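Take a look at the structure below.
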Amino acid sequence: MIRVALDAMGGDNAPRAEIEGVGLALSDLPATFEVHLIGQTEVIEAELGRHPDIDRSRVLIHEAPEVISMDEPPLQAVRRKRHSSVVVGLERHARAEADAFISAGNTGAILAASTMILGLHNGVKRATVAALFPTATGPLLVLDAGANVDCSVQELVGFARLGSVYMRDVQDIAAPKVGLLNIGEEEKKGGKTVQEAFQVLRDTPGLEFVGNIEGRDLLAGHSKGGHIDVAVCDGFVGNILLKFYESVGSLLHRLFEQGDRSLLVHPEVQRAFEFLDYSQYGGGPLLGVKGVTVICHGASGATAIKHAIRVAVHSAEVRLDQHIGAEFA
């Protein structure tokens with residue numbers, strides 16, 4: 001039984017979205033896991049009381065009286081609030097009392113606490129937040145998605161290796177193809193760091209590097225170099241790209257509303273909106289730490305929480321953490 005520690009107090013809609021998401025996960029996903037809700041017990045119990053259909057035999061509560069808010073300085077908050085839901089949940093994971101940790105709370109605090117409490121695998125320079133994007137040919141993993149604004153050549157290469165292991169283990173892609181996001185496909189495009197990263201990525205054994213890719217290649221899922229499974233960039237570019245992607249669905253919805261509203265209920269249109277819905281991917285795995293941490297969008301609803309649980313359970317089941325450790329050993 002996989003034990004998932006879920007921060008019940010993180011996110012804009014906590015604990016309502018978290019509890020609703022747990023209910024969906026318990027009813028819709030295979031019964032291979034249990035959920036450990038981390039947070040203020042009275043608040044959690046009150047919310048659980050609104051969902052009498054939830055299977056309480058697979059739900060445990062662990063008290064964490066403090067909450068790290070979204071606007072707190074991450075490192076200071078982690079050090080000061082040792083009894084927060086983020087810290088308590090990750091400490092349970094570090095003690096092997098949970099197999100994965102999920103939070104929709106303060107991203108910086110989750111990153112800092114995961115690095116401090118779980119530690120990094122030997123050889124990993126920095127942990128990276130990865131995000132799955134929908135494309136015409138399947139999911140594309142973009143990393144870094146916001147954790148590291150300025151990156152060195154070694155860190156970009158590390159992201160490529162981490163992303164390759166994730167897509168192989170979690171998405172069942174035997175030989176993931178890696179592209180370096182740039183302003184052009186030519187080898188000498190971009191700044192000095194990106195140009196140097198191109199050279200190292202090309203010469204790194206075991207990586208299926210297809211070369212530079214451009215922004216227009218992401219939606220298509222391929223470039224002139226071929227199919228793309230992993231797109232590597234620094235966190236500044238990646239986070240802008242992520243938030244732009246998240247806005248596409250709402251833009252299309254508004255355009256339909258301004259035109260023929262009856263099209264909104266058409267099955268093909270609804271499938272298109274579902275395809276563009278980031279909540280279907282759950283959350284972004286934090287790759288490089290010694291464990292399984294999944295970071296959800298602060299505005300995550302119940303569906304996103306359900307899929308985050310799915311991602312966390314599958315990552316634990318396929319031993320993603322151990323495989324990353326072996327890759328960098």
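Predicted model only: the values in this text are computed from it and were never measured. Sequential numbering from 1 along the given sequence is applied to the chain's residues.
- Around the CD atom of Glu42, the shell of radius 6.0 Å holds no more than 12 heavy atoms that belong to other residues, nucleotides or ligands.
- A cation-pi arrangement is found for Arg58 relative to Phe33, the charged atom lying closer than 6.0 Å to the ring centre and inside a 45° cone about the ring normal.
- Note: Ile102 CD1 to Glu18 CD = 10.0 Å, rounded to the nearest 0.5 Å.
- The backbone N or O of Pro65 sits less than 3.5 Å from a side-chain atom of Gln40, completing a donor-acceptor pair.
- Residue pairs meeting the side-chain hydrogen bond (donor to acceptor under 3.5 Å, both in side chains) criterion with at least one partner in residues 220-235, sequence neighbours excluded, are His227-Asp229.
- Enclosure of atom NE2 in His323 by more than 12 non-hydrogen atoms of other residues, nucleotides or ligands within 6.0 angstrom is indicated.
- Counting heavy-atom neighbours within 6.0 Å of Asp203 CG, excluding the residue itself, gives a total above 12.
- Residue-environment remark: CZ (Arg216) stays at or below the threshold of 12 foreign heavy atoms within 6.0 Å.
- When all heavy atoms of Leu242 and Phe133 are compared, the pair lying nearest together is CA-CZ, 3.6 Å.
- The structure places CG of Leu140 at 6.5 Å from CD1 of Ile213, a figure rounded to the nearest 0.5 Å.
- Rounding to the nearest 0.5 angstrom, the gap separating the CG atom in Asn148 from the CG atom in Leu156 is 9.5 Å.
- Using a 4.0 Å cut-off between a side-chain N of Lys or Arg and a carboxylate O of Asp or Glu, Lys125 and Glu155 do not qualify as a salt bridge.
- Between His36 and His62, the ring planes lie tilted relative to each other; the angle falls in the 30° to 60° range.
- Gly146 and Asp144 get closest at one heavy-atom pair: N-OD2, 2.7 Å.
- Cluster note: Leu24 groups with no other residue, as no ILVMFWY side-chain heavy atom lies under 4.5 Å from it.
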Give every donor-acceptor pair under 3.5 Å between a side-chain atom in residues 170-180 and any protein atom, sequence neighbours left out.
| residue | atom | partner | partner atom | Å |
| --- | --- | --- | --- | --- |
| Lys177 | NZ | Ala175 | O | 3.1 |

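- We find that Arg82 and Glu91 are joined by a salt bridge, their nearest charged nitrogen and carboxylate oxygen being less than 4.0 Å apart.
- Enclosure of atom CG in Asp150 is not indicated, since only 12 or fewer non-hydrogen atoms of other residues, nucleotides or ligands lie within 6.0 angstrom.
- Heavy-atom neighbours of Arg202 CZ from other residues, nucleotides or ligands within 6.0 Å: above the threshold of 12.
- Once rounded to the nearest 0.5 Å, the distance linking CG of Asn182 with CD of Glu187 reads 11.0 Å.
- In this structure, Met70 is not a member of the same hydrophobic cluster as Val43, with clusters built from ILVMFWY side-chain heavy atoms closer than 4.5 Å.
- With 3.5 Å as the limit, one finds a donor-acceptor pair spanning the side chains of Asp321 and His121.
- Rounding to the nearest 0.5 Å gives a distance of 7.5 Å between CZ of Arg161 and OG1 of Thr204.
- Here the CD1 atom belonging to Ile61 is positioned 11.5 Å from the CG atom belonging to Leu6, to the nearest 0.5 angstrom.
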